[in-house]
Amino acid sequence: MGLFTRRTGERERRDELLSAYLDGQLGTGERARLEAQLATDPALRAELEALRHTVALVRDLPQVPIPCNFILLRTVGVRPRPALSARSRRAWAAPLLTAATAVVSLLFVVVLAGDLLLSGVGGRAFAPAAQPLMETEAPRVALEPSPGSEEVVAQVEVEKVVPAATPLPTVAEVPLEAVASATAEAEHYAVETPEDIVATVPVEGDGLIEEPAAPALTSSPPVAEEAVAAPAAPATPEGVAATMLAGGGGPIEESAALAPSPGPIVGGEAAAAPTALATATVMPERGMGSAEPTPSEVGEAAPRVVGGEEPETAEGGPGAPESEVAELATISPWQAPEVILGLTALGLALATIWAWRVRRQ
Amino acid sequence: MDEAALISAAQQGQVDAFNELVLAYQQQVYNLAYRIMGDPASASDATQEAFISAFQSISRFRGGSFKSYLLRIVSNGCYDELRRRKRRPTTSFEDFGEVDEDANPAMINGHEGPEEYTERQEMAHVVQAGIETLPPDQRITLVLSDVQGLSYQEIAEATDVSLGTVKSRLARARGKLRDYLRSQGELLPARYRLE
């Protein structure tokens, strides 16, 4: 090993002398000594020739043509080291996105846990806690008029088409001009079709309206022929009337809590005038419920929309089941933040993966 | 406009003046990068980066050889890239492809026939492969000296080392390349083989 190292060292010193000699970089004394050795040492001479040949080959390498011009754009002066800055941004992106993903995911978990706790998964222990929310939410959703509906209501009131406590009028009792005017107004703001705007109010035996459920007009059984509808009196502060359609003895009662609905209501169909009211409730009524609630009952009931005891479907008929109704009512306030946070966390996670992959490259 | 005036204008921020210098030196800069890096793509990247860097730092150029200034920048860039590849090897040199020299009539000397041209290309492949076996510092020194024709002093300035270091690196590089060419003798055309 020592001999090999020594020989390697000697060889390197010899090559250094020969290389410098080829380039004319030796001093006068060194060059004279080397030339004397070369004259007497054929092996050293052969090494010198091999080295000279090697240098000649390198110098004989052909020029490689340029693939393109490398002129700079005029913007290079205001764009310092673009590649480096881009790489630097990518380097920061990965940890930043990781932290953001962690924070959003944590937030998502917290909101989800809060939702599960408050909504009482596996039991209804917290169900009452959700009721006040419904009390405030339901009337707003069900009865809040659209910009168009307020005008319609005002017009109906001025013309006194239907006094507040009068018996429910028939379609024929509604003045045609009021109908036309309100319809035109409503169509101008056309938010929903008449069929979509029916808000129904479940009827309990005592006339109180239960918590809202999904509308199920199309799936509900036929409503009694004598069902009444009215562009009812303004029973809410907004002047929104509640119209109740009561199925005579049927398992499902449909009630339409409508904004001023001067539109025609034909027979048992819960068709209403085009208003911008949100669809409210279809609730199964208990068997002993009043088949034909009076207008006064409707007037009292409509604005209260207070959840009493939870209704049960008498015959399992169509319409939203009770459990679904309760679930929807309790989960809905949490759904928006949950969905937003969940999607944000997912998007951030994907971006984080991408950022780390780019950084590793 | 002479080189000094172009440099002065470039120092005032005139990109057009600097581009005149680019056109004058891009062949040498690219050739140096190609011989050090061994593939066209890396050589193009190194050349472009070198010109951008040269323009951005031209205010610090205090006279002397502008060619040495450029070659210093590009050789430093190539050295950094080779060191980076050594730390984090991702792609072998073979994956970059090579210059299709048959498709480059500019590489054909006017006085050599097709057979001589082909043999020279074969020799160039073997020598280039030998250069790429050298460590980065020796490789750069060899190319600066024997491809670009820089003096020891210019190499010392370009690579920020002493004259003695240049002499030593160059001797080692030449010795290793000689040994490589001897070992690959059968790949070289007969007239290029070492004895």
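Labels below follow one simple rule: chain letters A, B, ... track the order of the sequence lines, proteins then strands, and each chain is numbered from 1. Keep in mind that what you see is a predicted model, and the values were worked out from it rather than measured.
Among residues at least two apart or in separate chains, there is no salt bridge (Lys or Arg N to Asp or Glu O under 4.0 Å) pair with a member in residues 341-355 of chain A.
Comparing B:S145, B:G13, B:S168 by how many heavy-atom pairs each has under 4.5 Å with chain A, the most go to B:S168. Interface remark: of the candidates B:D16, B:V147, B:V29, B:D16 forms the most heavy-atom pairs closer than 4.5 Å to chain A. When each of B:Q27, B:Q28, B:M123 is scored by its heavy-atom pairs under 4.5 Å with chain A, the top score falls to B:Q27. With chain A as the partner, the residue from B:V22, B:N19, B:L142 showing the most heavy-atom pairs under 4.5 Å is B:N19.
No donor-acceptor pair under 3.5 Å is formed between the side chain of A:E16 and the backbone N or O of B:R169.
Only the side chain of B:F18 comes within less than 4.5 Å of a heavy atom in chain A; its backbone stays farther off. Contact of B:L163 with chain A is not made at all, since no heavy-atom distance falls under 4.5 Å. Using a 4.5 Å cut-off between heavy atoms, B:L177 contacts chain A through both its backbone and its side chain. Contacts of B:D45 with chain A are absent, with no heavy-atom separation under 4.5 Å from either backbone or side chain.
The only option from A:V55, A:D60, A:L57 that meets the side chain to side chain contact (heavy atoms under 4.5 Å, CB included) definition with B:D146 turns out to be A:V55. Applying the salt bridge (Lys or Arg N to Asp or Glu O under 4.0 Å) test between A:D15 and each of B:K167, B:K176, B:R172, B:R178 identifies B:R178 as the sole match.
The closest side-chain heavy-atom distance from A:N69 to B:L23 is below 4.5 Å. Side-chain contact between B:R35 and A:V64 is present, with heavy atoms from C-beta onward closer than 4.5 Å. Two residues are said to be in side-chain contact when any heavy atoms from C-beta on lie closer than 4.5 Å; B:V166 and A:Q25 fail this criterion.
Distance check: A:L51 CG to B:R174 CZ gives 6.5 Å after rounding to the nearest 0.5 Å. Expressed to the nearest 0.5 Å, how far CG of A:L61 lies from NE2 of B:H125 amounts to 11.0 Å.
At a heavy-atom cut-off of under 4.5 Å, chain A is reached by B:Y152 from residues 152-161 of chain B, listed in order of number.
A salt bridge between A:E47 and B:R182 is present, with a side-chain N of the basic residue lying under 4.0 Å from a carboxylate O of the acidic one.
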* To do: Show your working on side-chain contact (heavy atoms from CB on, under 4.5 Å) between A:V58 and B:V127 and close with a plain yes or no.
  => CA-CA 7 Å; A:V58 175; B:V127 172; 4.0 Å; yes

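The number of heavy atoms from other shown groups lying within 6.0 Å of CZ (B:R83) does not exceed 12.
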